[in-house]
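As the structure lists them, so they are numbered: ligands from 1, and atoms in each ligand from 1. All residue numbers in this chain count up from 1 along the given sequence.
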Amino acid sequence: MVMKDLLYTFDLRGYLVIPNVLSRRECVVLRRAIERRRENLEQNLLGQKVSGKMGMAAGLLQEGGDFLRLIDHPRVVEVLQSVISSRLRLEYVYGLIYDFGSPHLDMHVGEERDWSSFHYVVKNDIIHAGMCVVSYVLQDQDSSTGGFACVPGSHREQIGLSNSDRRRLFKIDSPLVETVEAKAGSAILFTERLWHGASAWRDKQNPRICLFYKYNDRACRHIHPDSCDQLEDFEHLLSDERRLFFGPPWVTGGPTVSGRNG
Ligand SMILES: O=C(O)CCC(=O)C(=O)O
């Protein structure tokens, strides 16, 4: 798809599936590395009980290899730069593992009152999005397996709803909620203003292993540095160009730098 079509689709739905970003072999390598770093969770990210049927993996950039290549994958970064900013920060990288029988993850969203990171505005045909997530799909997913799910178009809602109305309307089995179909190796790119979550994983053969890269404008920081992987643990693996994704937030007065994210 040409960039104009990608941006139109992203604006219409709040997410985009970019196919064939990773090969099948790369998916296998990434899955293994995430599994090695798995720590079992008692609760999911929303505090719902998962009793060890879900895992989370941190410290992935220290693995090097494909994890580093994904920091600035050209097919993904060119879309992020068109919707967030020409200068990006990579805030957070983590993996999630959903075993067969792990419960769904309720629909949730980046709260708009945190305007600096969680906004979505279109002006004069230009998208201005805050934090966006790239979710790498490491096994096929569709409505039969479960997986990443969302309420398409909800990032642009015009009519305010109460939280209890939302809980009712955005229940995981609601017709408004769609499990996104994507092949292994795809990148699902979505704005944090999109209501999203995950439907229960139903593939008995393979756990669902997914990999998230969360990007923000270089001028913003949403997640406290102590809660992210520490740059000193993987800085020695980074090229000068990739290091630009991990600097402190700034707008003017910084060093003159060149490169894709300079
Ligand atoms: O499992 C998914 O694809 C969604 C995960 C999610 O919403 C999150 O990590 O905030």
Side-chain angles (χ1 to χ4, degrees), residues 13-18 21-22 27 30-31 34-35 37-50 53-60 70 76 90-112 114 117-118 120 129-152 154-155 166-167 170-172 176-203 206-216 222-224 227-229:
R13 295 186 174 154
Y15 75 89
L16 200 58
V17 180
I18 307 178
V21 174
L22 295 164
C27 291
L30 292 166
R31 284 174 66 87
I34 294 170
E35 273 190 303
R37 286 182 175 263
R38 171 180 182 144
E39 292 202 10
N40 280 339
L41 297 175
E42 284 309 306
Q43 297 184 341
N44 68 18
L45 310 172
L46 300 179
Q48 297 158 326
K49 209 163 162 245
V50 292
K53 282 190 183 297
M54 247 189 108
M56 186 164 186
L60 294 168
L70 293 182
V76 172
L90 175 51
E91 289 226 8
Y92 202 22
V93 174
Y94 60 97
L96 287 179
I97 303 162
Y98 293 77
D99 295 331
F100 172 73
S102 59
H104 73 267
L105 178 66
D106 276 337
M107 295 295 116
H108 58 282
V109 77
E111 294 290 343
E112 201 175 11
D114 182 1
S117 282
F118 297 147
Y120 185 90
M131 187 184 271
C132 291
V133 184
V134 185
S135 166
Y136 289 100
V137 179
L138 304 180
Q139 62 283 298
D140 297 352
Q141 71 152 66
D142 59 27
S143 56
S144 69
T145 58
F148 175 77
C150 63
V151 181
S154 55
H155 61 306
R166 271 214 190 79
R167 271 196 296 275
F170 294 176
K171 273 200 174 131
I172 198 71
L176 293 181
V177 174
E178 174 185 302
T179 298
V180 170
E181 189 173 334
K183 293 277 179 219
S186 308
I188 303 177
L189 201 155
F190 63 94
T191 153
E192 282 276 12
R193 288 298 301 148
L194 178 75
W195 284 85
H196 64 278
S199 50
W201 189 245
R202 293 185 287 275
D203 180 347
N206 301 299
R208 174 176 177 234
I209 301 184
C210 32
L211 175 61
F212 300 93
Y213 282 55
K214 299 195 166 185
Y215 293 83
N216 213 336
H222 175 67
I223 301 165
H224 191 279
S227 299
C228 303
D229 291 340

Distance-only side-chain donor-acceptor flag, N216 / S117, under 3.5 Å: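 Judged by distance alone, the side chains do pair up.
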D203 versus Q139, side-chain donor and acceptor atoms under 3.5 Å: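 No donor-acceptor contact under 3.5 Å links the two side chains.
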Heavy-atom proximity to atom 1 (O) of ligand 1, best of Y98, W195, F148, F190: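 Minimum heavy-atom distance to atom 1 (O) of ligand 1 goes to Y98.
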Aromatic plane relationship, Y92 with Y94 - under 30° parallel, 30 to 60° tilted, over 60° perpendicular: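 Ring orientation, 0 to 90° scale: tilted.
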Parallel, tilted or perpendicular: ring planes of Y136 versus Y213, cut at 30 and 60 degrees: perpendicular
Just need the protein heavy atom nearest to [atom], so name the residue and atom and give the distance.
atom	answer
atom 8 (C) of ligand 1	Y94 OH, 3.4 Å
atom 10 (O) of ligand 1	H108 NE2, 3.3 Å
atom 4 (C) of ligand 1	G197 O, 3.7 Å
atom 6 (C) of ligand 1	L105 CD2, 3.7 Å

Element-labelled atoms of ligand 1 that are located less than 4.0 Å from some non-hydrogen atom of [X]:
X	value
H196	7 (O)
L45	8 (C), 9 (O), 10 (O)
A198	1 (O), 2 (C)

Residue part near ligand 1, for R208, under 4.0 Å between non-hydrogen atoms: side chain
Region of V133 that comes within reach of ligand 1 [heavy atoms, distance under 4.0 Å]: neither
A57: partners by side-chain contact (heavy atoms from CB on, under 4.5 Å), with sequence neighbours left out: I34, R37, L60
Value rounded to 0.5 Å, distance of CZ in F212 from CG in L96: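 It comes to 4.5 Å.
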With D99 via salt bridge (Lys or Arg N to Asp or Glu O under 4.0 Å) - residues at least two apart: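 Partners of D99 by the salt bridge (Lys or Arg N to Asp or Glu O under 4.0 Å) criterion, ordered by chain and then number, come out as R38.
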